[in-house]
Every structure is written in C-alpha cells, then in structure tokens.
Amino acid sequence: MNILKFILLSVIICATTANAQQNDKKKTFSSAKGASALVSPQIQVVPIKDSKTARNYELYIELPEDYAKNENKAYPVIYYTDAMWHLEMLSACQEFILEDVILVGISWQLDMNEDLKKEVGAHVSRFRDYSMSAHTNPKIQAKYQLGQARTHLDFIRNDVMTYVDATYRTDPNSRTYFGYSLSGEFGAYILMAQPDSFNNYIIGSPTIKDEIDHLSKLNTKFGPFKSSDRSTSMNANVFIAHGSLEKETVVAPIDAFVSLLKDRRDDGLSVLKEVIDGNHSTAFPSTVIRSIYWLSSLMNHTASDGYDVSFWDVPLLNNPFVTTTPANRNDGIAVDTLSVANNDQNAILNLSQEIFEGTHGGYDALLISHKNKLVFESYYNKGRINLAHGQASAVKAYTSLVLGRAIQMGYLSTEDLNKPLIRFLKDVDPKKMVKGAEKITLHKALTMHGGLTIDRDQWKEIEKDTLRLKGQGLVQTLLEESAPITKASQTYLYGNFNPMLVMSVIDAVVPGTAKDFIKRELLDKLDISDYTWSNHISGLPEAGWRVRIRSRDMLKLGSLVLNKGKLNGEQLISEAYLAKATSAIVKPTEDWMPKDYRYGYFWYQTLIKVGRKSYDTTFAWGGGGQRVIVIEELDLIVVISGHDGEDDKIMNQISKIIIPAFVKE
C-alpha cells in the first residue's frame, strides 16, 4: 500500500471521530426538513434467503472501480458480518488500501421477531448466528436460540458464496472473512470447523472467553498437521488482534487461541497477532486498517511499502506470481524472456503450480537466469520480490566469496590457504592451545576438516561468558577447549565452528572490520542493500547462517561464480581461488547428504546427467531449500528459496525439468 494513502486514511478516521465527538456535545440540532437516506451508487443491496431455514438477509456488495473495465479479471472477495457496523470502514479501506477487491457484507436477519428487535435492536440475530454454544440458562436460550454458528456458516457457504461466485468474477483462491467482537468469535469458529471456507481470516477482539475448550475440540477433530499430507493443513492466513486496554478475561483466551493455532506447527497456517491501542470499542478502527494492510501483503508478490514483520509472520500468498518476462527493476539485473521449447516451458510452469500447491515441499521463490539475464521469476507462500529471505547455511558459500575477495585484494594469497590459521591471528596465545592447533589451516576449515572436538553441553556453558569469546577470543577459546587436533580428528564434520574460524581470519587481515569489508567490498559492489547479516556471539559477522537477502540478490552472488569472479569487467573474486572453492575437493560423510555430492570451499558440487551427458553443477545450499545453483557450461543460474522442513526435494525437480530445458541436443 502507498504510505500516503495509509496516512490519509488515518487522518480521515481521526477527523471523522473528532467531528462525531464534537457533534455529541451539541444539545440541539437544526431541523433537516425533507431529509432522506443516502444511497451509495457503489453498493448493491441484494436480498438473499437461507435455503434451509428460509431466513431473510441482505448482501451489501461493493465492486472495485475498475470492475466493468477489466472483463477478464477475477477479484478477491472480502466477506464480512455485522455489515451495517463494518461497511463504512471497509469501504474506506477498499478506496485507500486494497482497491482491487469485492466487498460482500452480510446483514443481520431481516425477518426476526419484532418484539426482540424492539427489545434488543435490529442486530439481535447476531447473538444466535455468530455464537458457537448454547446458553446455560434455559430461559435465555429459549429466547435467543444461541449457538447456531454452524447453521449460519452453512448459509454463507451454500447460499451467499454460491450466489457471489455465480454472479461476479471472483478469485476462488482469495476469499477473506472479517469479523469483530462476536462476529470475530464466529470467524474463530469457521477457522476451526471448516477452514477451507476462506483463505484468510481477520479476527478482531473475538469474544471467546468461554469457548477455548470448544475450539480445542474442533482442532482435535480436524487432526494434527502432517507435512507429508497437505490435506491436514488449515491452509489459511490468520490476523488476530485485541485492544491494549481490554480486560484480562478477554486477552487470556485470545492468547490461548493463538497458542492453539501455532502449536499445530502447520506450515500452511500463518498466524499474526497484534495488540492495538485502545479498548474493545476504540481499537476497532485501527484493527480494520492494520488488518487490511496485512491483507494487501498476501495478495501481491510485492510487499507493501514499509512492511516489516518477521519471516514467520509473513502471510502466505493466495496465488503464485509467475512470469516468463521478468520486469527490469533497475537493480543491476538484466532481464529477458524465457526462450525454451514449448514443452519445456509448460513443464516449468507446471512445476511452478506444483510448488505453489506444496507438492514438493515449502518453497517461496524460483528464479532462472540464462546467459546472465533473468528469464523466469516466481514467488509462492512467504516469498516476496522485495523482502529479504533467510539463507540458512547457504551463508557459508557467501563467506567463501568474501574470503575470495580478500585474496583478490591482496590481503591473503592462495598459498596462505595451507598455512596454520592461527598465524593470521595476532591476539591469540598458541601456548595455551591444545596440541595440534597449528594443523588447522584455512584449507582444512573451508572443507570442514578443522578437527575441533568440543562437547556441545560444555560449549553452551562457555557461550555464557561472552567477554571471553569476543573477537579472536573465540578462536582462542575453541582451541583451548577442544580435544587435541590430530589426523584422526581432522575428518569431515559439518557445522559452524569451521566457518567462524574462517571469518576470524578475514576480520584479522582486512582493513577495518569484517562487517565493513563484507558491505563495502561485496554487497555494495553487487548493489545489495536490503539485507540482514547478523553478528555471532563473538561480535564477528556470522559465517554459517543468520543472513537474509532477497532472492534476486541470491542471483547476483551466483553470477559471480558463473562469471569466474568478474563483475562488470572487474575481477571481484580471485579466479584461482574461486576455481578451487567450487571444485570437488572432499566427499561429505553425513548420511543425510546425497552420495554423489562433493564439497569444495563451502560450495557443493555434483554431476547432473541429462541424456548421455553430465554437467558440472556448483551450488550454495542452506536448510529449508536455499540454493544458488550454477552450471557454467549451460550459462545457467537457478535460485530457489524456501522454508521446507522435510526432505528438500526440489533439487530433483530442478535436475529433471529445469536444467534439461536449457540443454541443446
């Protein structure tokens, strides 16, 4: 959303509230002779009957301004209950925040008992329709017939949605429910009873203090999430909020409900909870704005301006974004059109749909660059074109590039790779180190053969002494606490100790700090500005994980490898070092790693067979599915990012579908 629109909407709401308060203070009003009700030309009022109960309602339908002009366009739909109370706020949000949606307000029952209407108000049916449990007092229950949420949901699913989908051009993958207070309780019920009713749920200050047990039973009935069975996922985005001044009796059940959802560990369920300034009533306007702002972020592959939440709070896209003609974003990446055989292009597009559906795991982006031009770009789930994505252990490969930059600039040489690592650390005391400490070289550390042996529980205790681990104190401590370094101990052992040994050397030899060097000599030169590179407990930059960059920027790092360390004609990374770093030096020994994988200097290497020929494939690899894959012979780079917690099966699809598409027989 444009920030100016957001500010303008906030000003309008504040002005409207202030004006209403001023009017309340007036004791008399001028006569309004001949006054009539305002009829909005944008809103269609459609009578509708519950086909099972014969109860009469109305729908307040507001179409986007461009609806008539775009005859081939399907639109997301926001369904909201308590329509008369919520209509104006949501209509304003449609104007200023989320323009391309259809709003469908569902009224209270029109033909309710007139005595009840006079006693309670026109909204009396909401107590029956939105509540999930009957009242314990028989007299109250007989009067209001509470606990008919299931009946009302059937009406919405069978009659309302059927009518709307048949009458308007709707997007079946982007349905949203909005409810506040008691209608928020109704939203919580829908989510747990029939989550496939909507893709997105906005649940404001739900009145669920007596319904946690009921919701828990519905959760148990739905069953636990299993990553191997996508039907066990709720497949929903949930925004839930309450006012900061609400009573603990309101807040505690909401927190319990959020915990119930998050404890599912459902990677198809995204839950964001916010606390809005105000009490139950005054928090409402801001809840509407914040939730619709959140909703806009899951309908577009480009996140709204200023969108700032943790990765796990990023909602899942309702639809994938896939293009074979990527846009030029003036970010240093050349673009072109995907030019492969029709059957290959169709296979790639089919793979994209399967990725969106979760067939191969949880992935967020897939990009393809051919001949140094981006020709295919796609985002799914939590992927956004302008949001940085966690890199996990792919960071190790990026650290290797940083070392290659230091070598290119003359702060180290390729001969230094085989010298004792501690030679470059002036602040350590070798006399206090274990026997064999000098056996650790950069070459050994880069190939995960450092040979450090430290008890994990012991190291957790050591980490509490942060002062001891500052700077080169990290290496000093590691080599004091490790068992002796021997030929037997210097076998392949994957982990983050070895990368931090390398980062310690980088920090020691470059001018300034390693952090500044990484920014100045690698990221700035690649025009990578939107990133997070976290610090290790030592104060040094992390060398093995905890870095976030955009998927497009992953492509830039891959281009350095493809172009043998050159960037726009400048030799950024030592060519000799890079050739060594991306070669098959050692064989990893982990059981979970494919047998045909080899390891260089934090870069993996394997052969991928297409027909009768095999292609050398170099790649950075991080948990969850982060990969930067480079095949020099095909002039090809493939980037994948994800949050897959299982087998990371996407490499099989890349080998079978994407790479063969660029092989010319």
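It should be emphasised that the depicted structure is a prediction, and the values quoted were computed from it without experimental measurement. Residue numbers start at 1 and run along the sequence shown. For the numbers below, each heavy atom of this structure counts, side chains included, while hydrogens, waters and symmetry mates do not.
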(Q) Nearest 0.5 Å, please: how far is CD1 in I654 from CD1 in I368? (A) 8.5 Å
Q. In terms of the angle between their ring planes, are W621 and Y604 parallel, tilted or perpendicular, with boundaries placed at 30° and 60°?
A. perpendicular
(Q) Please find the pair of heavy atoms, one from Y363 and one from G625, that lie closest to each other, and give the distance. (A) CE2-CA, 3.8 Å
**Q.** E211 CD to M192 CE distance, which is reported to the nearest 0.5 Å
**A.** 13.0 Å
Q. So, E99 side chain and P64 main chain: donor-acceptor pair closer than 3.5 Å or not?
A. no
(Q) I'd like to check F225 versus D267 (side-chain heavy atoms, cut-off strictly below 4.5 Å). Are they in contact? (A) yes
Q) How many angstroms lie between CG in L526 and CG in L560, if you round to the nearest 0.5 Å? A) 5.0 Å
Q.
Can you tell me how far apart OH (Y379) and CZ (R384) are? Round to the nearest 0.5 Å.
A. 11.5 Å
Q. Salt-bridged, R175 to D165, with N to O below 4.0 Å?
A. yes
(Q) Whether the side chain of S559 engages the backbone of K556 through a donor-acceptor N/O pair (distance < 3.5 Å, no angle test) should be reported. (A) yes
Q: Take R230 and T359 through the side-chain contact (heavy atoms from CB on, under 4.5 Å) test and state the conclusion after the steps.
A: CA-CA 8 Å; R230 306 306 294 183; T359 304; over 6 Å; no
Q: Dump the intermediate steps for side-chain contact (heavy atoms from CB on, under 4.5 Å) on R550 and I385, then the final yes or no.
A: CA-CA 7 Å; R550 296 179 181 181; I385 196 169; over 6 Å; no
Q: State whether the side chain of S297 and the backbone N or O of W294 hold a donor-acceptor pair below 3.5 Å, judged by distance alone.
A: yes
Q: Determine the minimum heavy-atom distance between F155 and I106, stating which atoms define it.
A: CE2-CG2, 4.2 Å
**Q.** Between N319 and D171, a side-chain donor and acceptor under 3.5 Å
**A.** yes
Q. Got more than 12 heavy atoms from elsewhere within 6.0 Å of CD, E65?
A. no
Q | Closest contact, heavy atoms only, E542 versus V395 | A | O-CG1, 4.2 Å
Q | SB check D66 K73 (cutoff 4.0 Å) | A | yes
**Q.** Over 12 non-hydrogen atoms of neighbours within 6.0 angstrom of CZ in R150
**A.** no
Q.
Using a 3.5 Å distance criterion without hydrogens, assess whether the side chain of K273 forms a donor-acceptor pair with backbone atoms of I240.
A. no
Q | Partners meeting side chain to side chain donor-acceptor pair (under 3.5 Å) with S197 (sequence neighbours left out) | A | R157
Q. Closest approach of P326 and D336, non-hydrogen atoms and distance?
A. CD-O, 3.3 Å
Q.
Counting C-beta onward and ignoring hydrogens, is there a side-chain heavy-atom pair between Q42 and S91 closer than 4.5 Å?
A. no
(Q) Test your reading of the model: is there a side-chain donor-acceptor pair from N328 to the backbone of N330, 3.5 Å cut-off? (A) yes
Q: Give the intermediate values and the outcome of side-chain contact (heavy atoms from CB on, under 4.5 Å) for residues N235 and D196.
A: CA-CA 7 Å; N235 293 314; D196 65 340; over 6 Å; no
Q.
Less than 6.0 angstrom separating the ring centers of F376 and H370, yes or no?
A. no
Q. If we only count heavy atoms from C-beta on, is the L295 to I78 side-chain gap below 4.5 Å?
A. yes
Q. Got I658 and I629 here, is their nearest side-chain heavy-atom distance under 4.5 Å?
A. no
Q | Check: N219 side chain, L215 main-chain N or O, donor-acceptor pair, under 3.5 Å | A | no
Q: Check the pair V638 / L366 against side-chain contact (heavy atoms from CB on, under 4.5 Å), numbers first and verdict last.
A: CA-CA 7 Å; V638 179; L366 171 63; 3.8 Å; yes
Q | Parallel, tilted or perpendicular: rings of F198 and Y177 (30°, 60°) | A | tilted
Q. What heavy-atom pair brings A620 and A397 nearest, and what distance separates the two atoms?
A. CB-CB, 3.4 Å
Q: For the residue pair K262 and R264, establish whether any side-chain heavy-atom pair is separated by less than 4.5 Å.
A: no
Q.
Nearest 0.5 Å, please: how far is CD1 in I203 from CG in L261?
A. 7.5 Å
Q) Does the side chain of T176 reach to within under 4.5 Å of the side chain of M299, using non-hydrogen atoms? A) yes
Q: Please confirm whether the backbone N or O of D82 pairs with a side-chain atom of Y130, one donor and one acceptor, at under 3.5 Å?
A: yes
Q.
Under a 3.5 Å cutoff, is there a donor and acceptor pairing between the side chains of T207 and E185?
A. yes
Q) Are the side chains of V314 and L272 in touch, meaning some heavy atoms are under 4.5 Å apart? A) no
Q. Within 45° of the axis and under 6.0 Å from the centre of the six-membered ring of Y67, does NZ or CZ of R169 qualify?
A. yes
Q.
Between N386 and T302 (side chain of the first, backbone of the second, donor and acceptor by atom type, cut-off under 3.5 Å), is there such a pair?
A. no
(Q) Check this for me: E357, atom CD, are more than 12 non-hydrogen atoms of other residues, nucleotides or ligands nearer than 6.0 Å? (A) yes
(Q) Suppose we call two aromatic rings close when their centres sit under 6.0 Å apart. Are W85 and Y180 close by that rule? (A) no
**Q.** Nearest heavy atoms of S655 and P660, plus distance in Å
**A.** O-CD, 3.2 Å
Q: Go through the side-chain N and O atoms of S233 and D266 and say whether any donor and acceptor fall under 3.5 Å apart.
A: yes
**Q.** Any side-chain donor near an acceptor of the partner, S352 and Y380, under 3.5 Å
**A.** yes
Q. Does any non-hydrogen side-chain atom of V547 lie less than 4.5 Å from one of Y531?
A. no
Q. Judged by modelled atom types alone, do N200 and N237 share a side-chain donor-acceptor pair under 3.5 Å?
A. yes
Q.
If I take atom OG from residue S641 and atom CG from residue N381, how far apart are they, to the nearest 0.5 angstrom?
A. 10.0 Å
Q: Please answer whether the main-chain N or O of A394 pairs with a side-chain N or O of R627 as donor and acceptor at a distance below 3.5 Å.
A: no
Q: Flag the pair F619 / Y597 as yes when their ring centroid distance falls below 6.0 Å, and as no otherwise.
A: yes
**Q.** F186 and H152 aromatic ring geometry - parallel, tilted or perpendicular at 30°/60° bounds
**A.** tilted
Q. Under the 3.5 angstrom rule, does the side chain of Q626 hit a backbone N or O of G642 as a donor-acceptor pair?
A. yes
